[in-house]
Number of protein chains: 2
Amino acid sequence: MTAAAGAPLSLRFHAAGEWPDGTVDSAGDLILSPETDAALAAIAAPVSVKAKTSVFRQGDAAASVYLIRSGAMRVAHQLEDGRNQIVAFSWSGDLFGLADHGVYLNSADALTDCDLVEFSRPALKSLFLKEPQLQGDFLVEAIADLRMSQRHLLLVTHQRVTKRLAGFLVECARQPDCYDPKTGVLSLIMDRTDIADYLSTTVETVSRTIGALEEQRLMTRIDLRHVHLDLAGLQAMMVR
Amino acid sequence: MTAAAGAPLSLRFHAAGEWPDGTVDSAGDLILSPETDAALAAIAAPVSVKAKTSVFRQGDAAASVYLIRSGAMRVAHQLEDGRNQIVAFSWSGDLFGLADHGVYLNSADALTDCDLVEFSRPALKSLFLKEPQLQGDFLVEAIADLRMSQRHLLLVTHQRVTKRLAGFLVECARQPDCYDPKTGVLSLIMDRTDIADYLSTTVETVSRTIGALEEQRLMTRIDLRHVHLDLAGLQAMMVR
DNA sequence: CGACCACTTGAGCTCGCTCAAGACTAGTGG
DNA sequence: CCACTAGTCTTGAGCGAGCTCAAGTGGTCG
């Protein structure tokens with residue numbers, strides 16, 4: 001995890017969902033006023049992390065909140081019984097660093113090389129006092145995260161793993177970074193274990209279930225990390 | 001669902017978790033500045049709903065956000081395949097009314113008679129412009145909701161229903177409204193189907209699992225809706 | 001007292017977990 | 001260029017928790 005030189009940042013906050021006119025741009029990114037943008041940039045520290053390295057661990061003193069400029073992160077929670085539940089995959093424009101009682105609730109690891117922006121919590125807090133409407137932007141982000149968390153809940157509570165996996169693939173295909181709608185090819189950024197930990201199942205079952213979806217012609221493997229999706233078919237099978 | 005006469009409201013926002021000094025009071029409720037409190041009260045419409053009635057349905061045009069003054073609500077999402085996943089039980093001090101694309105994402109039903117406060121979204125939006133730091137209070141709420149949603153996720157992803165149920169009982173016992181730490185007696189406000197839909201299992205399994213916990217002496221039934229808990233024991237079994 | 005609803009109990013079956021091999025991939029060094 | 005190795009992924013076989021359907025019990029309200 002290395003600090004990069006501090007050029008102007010032009011921060012992009014991605015806000016999934018719909019918002020009042022003037023809140024988000026055509027790409028679904030938050031529109032910050034020039035003042036808040038400048039104020040944010042003033043306290044923003046660029047950070048680069050290499051793939052498969054950790055940004056922070058669950059239980060660490062929560063010093064910062066992070067914004068992803070490029071790359072993808074894995075946010076996971078380790079339970080006392082040894083389980084490792086992935087709480088979210090986070091993409092460029094997403095914030096991460098949820099904390100409680102002064103410590104991070106989850107661990108954050110880079111899936112790919114990432115460019116991050118680090119905001120120290122105290123700095124953010126005092127900036128909130130100076131630029132109160134900045135809280136509105138973070139509110140929008142928090143609500144977007146809440147929606148994502150509920151979607152995840154609905155996904156993992158499907159009794160049949162086939163449905164969970166289908167839903168997961170559809171979710172992934174919403175990420176422009178890794179899905180090409182022209183070709184229908186999805187790049188899987190994470191390994192089978194990550195998928196299992198996200199869907200709350202086992203590697204073996206993920207492997208077998210991918211096989212099952214292939215037999216149903218709902219997906220085709222190109223190689224381990226690239227698959228062709230039948231999006232309509234996958235969505236249809238979620239209903240049945 | 002009836003509107004009550006509009007006396008001064010003294011709104012209480014419950015913010016689970018820890019916050020900077022001066023943000024919450026000893027009961028864990030948000031401290032609003034007198035100005036924001038007054039401004040909020042000006043756009044707040046008191047609403048009373050009777051037990052087992054609906055406040056809004058998933059898909060309805062999202063006109064408002066609601067704060068619970070007293071009582072308990074069930075927030076659930078109906079999936080296309082017929083499943084009914086309870087997303088949260090909400091208690092006094094909680095907000096509900098999550099929306100996207102102008103419609104509610106979930107349905108909200110009263111478990112008990114409830115006193116609510118309704119904030120119209122447009123009114124809230126314009127109030128945010130006048131009182132920007134009010135967004136900070138809603139930010140705190142949204143983050144608290146996000147944490148709860150993640151806790152719920154961790155709960156329902158336990159493979160063994162015994163653990164889910166144990167965790168659920170422990171969660172319930174954190175609600176002062178329905179748990180008496182003196183006697184260790186928990187009042188279950190919801191029926192078995194609700195528990196099943198919250199834990200993503202079936203009524204039958206809930207019933208059997210309650211039996212199993214009783215055999216392990218981790219809980220004792222007083223009647224259908226009242227149980228005595230061995231909190232320490234329940235928490236211990238979550239780990240194994 | 002009867003009817004309805006919520007809850008419990010029973011029996012069988014199935015999906016997915018577990019443990020255990022085996023196959024494939026990629027990275028390393030001779 | 002080809003072993004060698006370590007990590008990842010797949011496949012196999014057996015078992016068990018929980019789902020399903022179905023019947024039975026108990027509480028509540030007219």
Side-chain angles (χ1 to χ4, degrees), chain A residues 50-52 74 79 81-86 109 111-112 155-169 187-216 219-227 237 240, chain B residues 50-52 74 79 81-86 109 111-112 155-168 187-216 219-227 237-238 240:
Chain A
K50 285 219 288 282
K52 305 195 179 187
R74 161 175 25 109
L79 291 120
D81 63 6
R83 239 176 69 218
N84 182 47
Q85 176 67 48
I86 293 181
D109 303 280
L111 286 172
T112 64
L155 189 60
V156 299
T157 50
H158 279 289
Q159 53 293 32
R160 295 271 163 280
V161 173
T162 319
K163 284 194 181 186
R164 290 186 226 166
L165 184 61
F168 170 73
L169 294 170
S187 305
L188 290 168
I189 220 171
M190 66 291 286
D191 62 25
R192 301 290 191 261
T193 309
D194 287 337
I195 299 175
D197 287 349
Y198 184 76
L199 296 181
S200 191
T201 179
T202 62
V203 206
E204 295 92 330
T205 302
V206 168
S207 189
R208 281 185 251 264
T209 310
I210 288 176
L213 286 181
E214 282 193 291
E215 294 208 344
Q216 296 177 254
M219 60 183 284
T220 333
R221 276 180 46 169
I222 296 159
D223 61 45
L224 270 182
R225 296 297 187 101
H226 295 87
V227 294
M237 88 99 63
R240 274 182 289 108
Chain B
K50 285 220 289 278
K52 306 195 178 187
R74 162 174 25 108
L79 291 121
D81 62 6
R83 239 176 70 218
N84 182 47
Q85 177 65 49
I86 293 182
D109 303 281
L111 287 172
T112 65
L155 188 61
V156 299
T157 51
H158 278 290
Q159 52 293 36
R160 296 271 163 280
V161 173
T162 319
K163 283 194 181 184
R164 290 188 226 165
L165 184 60
F168 170 71
S187 305
L188 290 169
I189 221 172
M190 66 292 285
D191 63 26
R192 301 292 190 260
T193 308
D194 287 337
I195 299 176
D197 288 348
Y198 184 76
L199 296 181
S200 191
T201 179
T202 61
V203 206
E204 296 91 331
T205 302
V206 168
S207 188
R208 282 186 252 265
T209 310
I210 288 176
L213 286 181
E214 282 193 292
E215 293 208 344
Q216 296 178 253
M219 59 182 284
T220 331
R221 276 180 45 169
I222 296 159
D223 61 47
L224 269 183
R225 296 296 187 102
H226 294 86
V227 292
M237 90 99 62
M238 300 283 299
R240 275 182 289 108

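All values below come from the heavy atoms of this structure, side chains included, with hydrogens, waters and symmetry mates left out. Naming convention: chains lettered A, B, ... in sequence-line order (proteins, then strands); numbering from 1 in each chain.
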So if I take every side-chain heavy atom of [X] and compare against [options], which nucleotide ends up nearest?
X: Asp191(A); options: dT8(D), dT10(D), dT8(C); result: dT8(D)
X: Arg192(A); options: dT9(C), dC15(C), dC9(D); result: dC9(D)
X: Val203(A); options: dT10(D), dT11(D), dG10(C); result: dT10(D)
X: Val161(B); options: dG18(D), dA20(C), dG16(C); result: dG18(D)

Quick one: is [N] close enough that its OP1 or OP2 comes under 4.0 Å of any side-chain N or O from [X]?
X: Thr205(B); N: dG18(D); result: no
X: Arg160(A); N: dG18(D); result: no
X: Thr201(B); N: dC19(D); result: yes

With sugar-phosphate meaning primed atoms plus P, OP1 and OP2, does Gln159(A) contact a base, only sugar-phosphate, or nothing at under 4.0 Å between heavy atoms? sugar-phosphate

At under 4.0 Å between heavy atoms, what does Arg221(B) touch on the DNA or RNA strands: base, sugar-phosphate, or nothing? sugar-phosphate

Could you state the [atom1]-[atom2] distance from [X] to [N], rounded to the nearest angstrom?
X: Lys163(A); N: dC15(C); atom1: NZ; atom2: C1'; value: 14 Å
X: Leu224(B); N: dT8(C); atom1: CG; atom2: C1'; value: 10 Å
X: Arg208(A); N: dA23(C); atom1: CZ; atom2: P; value: 16 Å
X: Asp81(A); N: dT18(C); atom1: CG; atom2: P; value: 11 Å
X: Arg83(A); N: dT18(C); atom1: CZ; atom2: P; value: 11 Å
X: His226(B); N: dG27(D); atom1: NE2; atom2: P; value: 15 Å
X: Glu204(B); N: dT14(C); atom1: CD; atom2: P; value: 18 Å
X: Leu165(B); N: dC7(C); atom1: CG; atom2: P; value: 13 Å

What pairs of donor and acceptor atoms, side-chain ones from residues 206-216 of chain B against any protein atom, are under 3.5 angstrom apart with sequence neighbours left out?
unit_1, atom_1, unit_2, atom_2, d
Thr209(B), OG1, Thr205(B), O, 2.5
Glu214(B), OE2, Arg221(B), N, 2.9

From the options Lys163(B), Met238(B), Arg160(B), select the one residue that forms a side-chain contact (heavy atoms from CB on, under 4.5 Å) with Asp81(A). Lys163(B)

Rounded to the nearest 0.5 Å, what's the gap from CD1 on Ile195(A) to CD1 on Ile189(A)? Could you check? 11.5 Å

What are the two closest non-hydrogen atoms of Leu199(B) and Arg164(B), and how far apart are they? O-NH1, 2.7 Å

Evaluate the side-chain proximity of Thr201(A) to Leu165(A): yes if any heavy-atom separation is below 4.5 Å, no if none is. no

Go through the N and O atoms of the side chain of Arg225(B) and the base of dG27(D), and report whether any donor-acceptor pair is under 3.5 Å. no

5'-most by nearest nucleotide on DNA chain D - Thr202(B) or Ile210(A): Ile210(A)

